[in-house]
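Taking it in order: structure first as structure tokens, then the write-up.
Note that the structure is a prediction, hence the values are computed from the model and not measured.
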Amino acid sequence: MEGYEKFKKDVLNLTKIDLNAYKEKQMRRRIETLINKNRISSYDDYVKVLKTDKERFEEFVNFLTINVSEFYRNPEQWKFMDETIFPELTKKFGKRLKIWSAACSTGDEPYSLVMALSKHVPMESIKIHATDLDKKVMAQAQIGLYSEKSIKNVPDEFKRKYFTKIGASYQISDEIKKHVEFKSHNLIEDRYDTNFDMIVCRNVLIYFTDEAKDEVFLKFNKSLKKGGILFIGSTEQIINYRDINFEKKSSFFFEKV
């Protein structure tokens with residue numbers, strides 16, 4: 001299909017999503033699948049649809065943002081965070097930790113952070129900043145309804161305490177929800193907040209180019225306090241972590257030095 005370069009510019013104008021930051025072959029294949037599904041024959045025609053059809057526009061943004069999420073994903077990493085990272089952070093920075101769940105998808109991760117942190121500090125001192133590019137998944141997050149598969153790794157004590165079974169799904173309690181603040185944020189385009197004690201961004205940057213990844217990791221470093229922690233996904237690595245002012249705590253945890 002011809003016209004992808006122009007399409008990237010049109011998408012940037014429409015959505016503020018820069019497709020140059022994504023691996024091109026993979027992203028083109030995903031987009032062309034969606035265009036064909038909608039029985040549209042060209043990129044230009046698809047842009048016309050995106051400008052006039054709100055539902056198709058939302059479908060497109062939702063399709064671009066990769067949303068594969070679950071609570072306590074990779075439990076052994078959450079165990080390390082529980083036993084090592086949180087005790088160190090509370091010792092250094094106190095009970096009111098400033099934590100950012102970046103690219104939070106359907107809320108599984110920030111809600112997991114609230115539960116995990118509640119073992120170390122009083123619940124009333126917890127506030128997680130959660131952001132994502134996709135407003136649709138953040139709307140789902142605020143509803144807080146999850147499948148059995150999504151919550152399979154949640155510790156039993158928290159399952160009993162904070163989830164109510166509704167049909168085949170599970171509703172997370174308002175007691176957890178009220179400690180998460182959701183906001184729209186574009187990791188490539190938008191300004192980053194600062195003075196975080198911890199940033200969690202997992203299994204998202206694998207879809208970015210190496211240049212875009214480096215830029216985001218550098219911005220994360222600048223957003224952290226000295227001694228703050230970046231927690232990345234099991235599919236990711238930061239090869240040049242020393243160059244961007246990190247020290248490796250474990251395979252997936254990096255401390256700002």
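Among residues two or more places apart in sequence or in another chain, the salt bridge (Lys or Arg N to Asp or Glu O under 4.0 Å) test is passed with Arg242 by none. With sequence neighbours excluded, the residues satisfying salt bridge (Lys or Arg N to Asp or Glu O under 4.0 Å) with Lys6 are Asp10, Asp44. With sequence neighbours excluded, no residue satisfies salt bridge (Lys or Arg N to Asp or Glu O under 4.0 Å) with Lys51. Listed by chain and number, the residues in a salt bridge (Lys or Arg N to Asp or Glu O under 4.0 Å) with Glu83 are Lys79 (sequence neighbours excluded). For Gln140, there are no side chain to side chain donor-acceptor pair (under 3.5 Å) partners, not counting sequence neighbours. In this view, Ser169 and Leu145 satisfy the side-chain contact (heavy atoms from CB on, under 4.5 Å) rule, not counting sequence neighbours. Here His185 pairs with Trp100, Thr131, Leu187, Asp190, Tyr192 under the side-chain contact (heavy atoms from CB on, under 4.5 Å) rule; sequence neighbours left out. Judged as a ring pair (Phe, Tyr, Trp, His ring centres under 6.0 Å), and not counting sequence neighbours, the contacts of Phe182 are Tyr111. Every side chain to side chain donor-acceptor pair (under 3.5 Å) that Lys219 has, sequence neighbours left out, goes to Glu215. Listed by chain and residue number, nothing satisfies the side chain to side chain donor-acceptor pair (under 3.5 Å) test with Asp243 (two or more places apart in sequence, or in another chain).
Applying the under-4.5 Å side-chain rule to Ile, Leu, Val, Met, Phe, Trp and Tyr, the cluster around Leu12 consists of that residue alone.
For the pair Ser150 (side chain) and Ser147 (backbone), a donor-acceptor distance under 3.5 Å is absent. Not a single donor-acceptor pair under 3.5 Å links the side chain of Asn74 to the backbone N or O of Glu76. In this structure a side-chain-to-backbone donor-acceptor pair under 3.5 Å is present from Tyr146 to Thr106.
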With a cut-off of 3.5 Å and sequence neighbours excluded, list every side-chain donor-acceptor pair involving residues 247-257.
{"residue": "Lys249", "atom": "NZ", "partner": "Glu88", "partner atom": "OE1", "Å": "2.7"}
{"residue": "Lys249", "atom": "NZ", "partner": "Glu88", "partner atom": "OE2", "Å": "3.4"}
{"residue": "Ser250", "atom": "OG", "partner": "Phe252", "partner atom": "N", "Å": "3.3"}
{"residue": "Glu255", "atom": "OE2", "partner": "Lys92", "partner atom": "NZ", "Å": "3.2"}
{"residue": "Lys256", "atom": "NZ", "partner": "Asn221", "partner atom": "O", "Å": "2.9"}
{"residue": "Lys256", "atom": "NZ", "partner": "Leu224", "partner atom": "O", "Å": "2.9"}

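The 12-atom threshold is not exceeded at NZ of Lys91, counting heavy atoms of other residues, nucleotides or ligands nearer than 6.0 Å. At most 12 non-hydrogen atoms from other residues, nucleotides or ligands lie less than 6.0 angstrom from CD of Gln237. At most 12 non-hydrogen atoms from other residues, nucleotides or ligands lie less than 6.0 angstrom from CD of Glu2.
Between Lys54 and Glu58 there is a salt bridge, since a side-chain N of the basic residue sits under 4.0 Å from a carboxylate O of the acidic one.
Below 30°, between 30° and 60°, or above 60°: for Tyr4 and Tyr43 the angle between ring planes is between 30° and 60°, a tilted geometry.
Between Tyr170 and Lys159, the closest side-chain pair of non-hydrogen atoms is not below 4.5 Å. Side-chain contact check for Asn240 versus Ile238: some heavy-atom pair is nearer than 4.5 Å. Between Ser173 and Thr164 there is no side-chain heavy-atom pair separated by less than 4.5 Å.
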